[in-house]
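In what follows, a single structure is set out as structure tokens and then discussed.
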Amino acid sequence: MAMRGIYTSVNDIRKRVFAEVARLSYDYKDGDLSQMELIPYRVIPGEVSTYRESVFLERAIVKERMRLAMGLNLRSASEHAPVSTGAEECVKPEKYYQPPLINIIKFACHKCPDNEMKVTDACQGCLAHPCREVCPKGAISFVNGHSVIDQSKCVKCGKCMAACPYGAILKLERPCAKACGMKAIGSDEYGRAEIDQDKCVSCGMCLANCPFGAIADKAQIFQTIQAIKSDTPVYAAIAPAIAGQFGPALTPGKMRSALQALGFEDVVEVAIGADLCTIEEAKDFAQEVMGVAPDGGDRENGAAGEEASKKLPFMATSCCPAWSMMAKKLFPQYSECISMALTPMVLTGRLIKKQHPGCKVAFIGPCAAKKLEAGRRTIRSDIDFVLTFEELMGMFEAKEVDFSALEEQPLPQEASADGRGFAVSGGVAGAVVNCIKELYPDLEVKTESAEGLENCRKLLSLAKAGKYNGYLLEGMACPGGCVAGAGTRQPIAKSAASVGQIKKQTTAKVALQSTYKELLEDLEEREKLVAPPVD
């Protein structure tokens, strides 16, 4: 996670590609996509390479980034065709994300060494030779007074690294593989990174941690703008993690004006859906894990006493799609323990479409995995497009939106502080606990949370062993929570502080104080509120 929050040339290229694709879509008419051929020369101008050994390679990589940003499939270096070939596919109004969402541009991959012990120039060739003495496989020898590791014998135990008094031995790990909590990244026959799509849950942590910008996800920038240009109103549903993502000039009070400048009809906070999700999960936990009857009584002493034995051992929150997908892939026997409440994104989309029939909804958030969630057959009717904060910034650049000149149009205070706190690790569980305290004051709720899929795996392993019976478990695929999503634009700690500041300014503190809580009665047809199985 060392690169998170540092603005690099990789971020800059991504922003420029997103801006050019947005500009292409705003200007698009009469089926003409020929301007695509010029974009690589605008992103990488001149004759001399800036980032790699060849300006031609740089432009080839930009071409594939463009195609992915338009929702098109990646091409290999062996395919010869203009960048616009097949691009008419992206103009289709019902163009959904097609797996794989996360892609490695193979000719951009550095073929990083993976899981290799390496002696650096800091080696002093000391007399004690502790590295050699502790090596269990005799893999270390000394050549010209310098430690040398025979990689064919080395078992990567790390004992030499720990023993070196100068810290001269490092363990090199491929950054994308190190960031992947699903162990889904290996190597192809040429030593380039390769994603095992059967294991991948599209969290995007590999994308965010590749220092060569070789990993990219598909986007719907082009399709969203085409919808905005149509006669159908498009509403922006903004995730709570948006706080502070666009710098101090774009204050919360100007967010509505900024998005309307892009052509959106209006803006709705997804924190409203978070409040509805909180209430549902609080009820589900009380009834399914703690044995409380729907009327608030004790199931064990009521007519439903026979159902008490069917209580779930624990309940896991549902709002992070990468976490719930990981749980269902690796711990299928506990899939029923994942909350059945719809996610805040889907509940908000459903609410907007109930209020504005015939509209379209674009979810704007920090998350790559939300793109696949929205593409599920059973959810497509609720969310039409998903954009990340990075992609939205490209749209602002394309339209040359001047944040300082925007009018203040504060969003109404409709969501609760707890709903807005979903963006930060621990926020979901905290919101559910606060709601349970309001609904069932006598219940004592035990919680545990984990951030990062590696830690989430450990959490569920312990739950499988019975350590968390009766607990509410919160999992977040991104270290730090949604504020660390692959599509975010600022340092994680700064984002978390921005969310905290917004929470302090929020009048309603808990979900049950939300303006929209009465909508649960309107939406409370269980088949509409319950999350469908993953397609």
Side-chain angles (χ1 to χ4, degrees), residues 181 274-344 418-419 421-422 424-477 481 510-512 520 526 529-531 533:
D275 283 331
L276 302 183
C277 177
T278 297
I279 296 168
E280 279 299 292
E281 291 197 344
K283 291 178 179 178
D284 285 350
F285 179 81
Q287 293 169 21
E288 303 298 330
V289 178
M290 303 302 287
V292 175
D295 61 1
D298 188 341
R299 283 202 313 189
E300 293 189 20
N301 296 325
E306 62 189 42
E307 295 184 13
S309 60
K310 299 179 183 178
K311 289 194 298 185
L312 298 176
F314 59 87
M315 191 182 89
T317 57
S318 67
C319 68
C320 174
W323 143 259
S324 57
M325 194 181 300
M326 179 275 289
K328 289 167 184 174
K329 278 178 180 280
L330 301 182
F331 301 89
Q333 68 272 44
Y334 292 104
S335 59
E336 64 177 5
C337 295
I338 306 296
S339 169
M340 293 299 288
L342 285 177
T343 64
D418 276 354
F422 264 50
V424 179
S425 180
V428 180
V432 174
V433 168
N434 289 341
C435 187
I436 290 172
K437 286 179 180 176
E438 295 276 329
L439 291 171
Y440 313 101
D442 296 331
L443 280 188
E444 180 184 350
V445 184
K446 296 177 287 186
T447 68
E448 191 62 55
S449 62
E451 53 187 82
L453 286 176
E454 187 69 38
N455 291 326
C456 288
R457 288 164 66 115
K458 294 175 183 175
L459 179 69
L460 287 178
S461 293
L462 291 171
K464 180 181 177 182
K467 182 174 175 57
Y468 293 123
N469 285 347
Y471 274 67
L472 174 68
L473 303 181
E474 178 200 286
M476 291 283 193
V510 298
L512 286 167
L520 278 177
R526 278 308 286 188
L529 273 180
V530 170

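FYI, the numbering just counts along the sequence from 1. Only a predicted model underlies this, so the values are computations on that prediction, with no experimental measurement involved.
With hydrogens and angles ignored, the 3.5 Å screen pairs a side-chain donor or acceptor of Ser318 with a backbone N or O of Ala341.
Residue Glu444 places its CD atom among 12 or fewer non-hydrogen atoms of other residues, nucleotides or ligands, all under 6.0 Å distant.
Put simply, the side chain of Val289 does not reach to within 4.5 Å of the side chain of Leu472, judged on heavy atoms. No side-chain heavy atom of Val510 sits less than 4.5 Å from a side-chain heavy atom of Lys437. With contacts defined as side-chain heavy-atom distances shorter than 4.5 Å, the pair Leu342/Glu280 does not qualify. Within the 4.5 Å cutoff, the side chain of Asp418 has no heavy atoms near those of the Thr278 side chain. Within the 4.5 Å cutoff, side-chain heavy atoms of Trp323 are placed close to those of Leu460.
The only option from Glu288, Met290, Gln287 that meets the side-chain contact (heavy atoms from CB on, under 4.5 Å) definition with Leu312 turns out to be Glu288.
Distance check: Thr447 OG1 to Phe285 CZ gives 9.0 Å after rounding to the nearest 0.5 Å. Of the inter-residue distances, the one linking Lys464 atom NZ with Cys337 atom SG reads 12.5 Å to the nearest 0.5 angstrom. In this structure, CE on Met315 lies 4.5 Å from OG on Ser339, to the nearest 0.5 angstrom.
Residues forming a side chain to side chain donor-acceptor pair (under 3.5 Å) with Glu474 (at least two apart in sequence, or on another chain): none.
Scanning both residues, Cys320 and Gly475, for their nearest heavy atoms gives CB-O, 3.7 Å.
Under the ring pair (Phe, Tyr, Trp, His ring centres under 6.0 Å) criterion, the residue pairs touching residues 443-470 are Tyr468-Tyr471, with sequence neighbours excluded.
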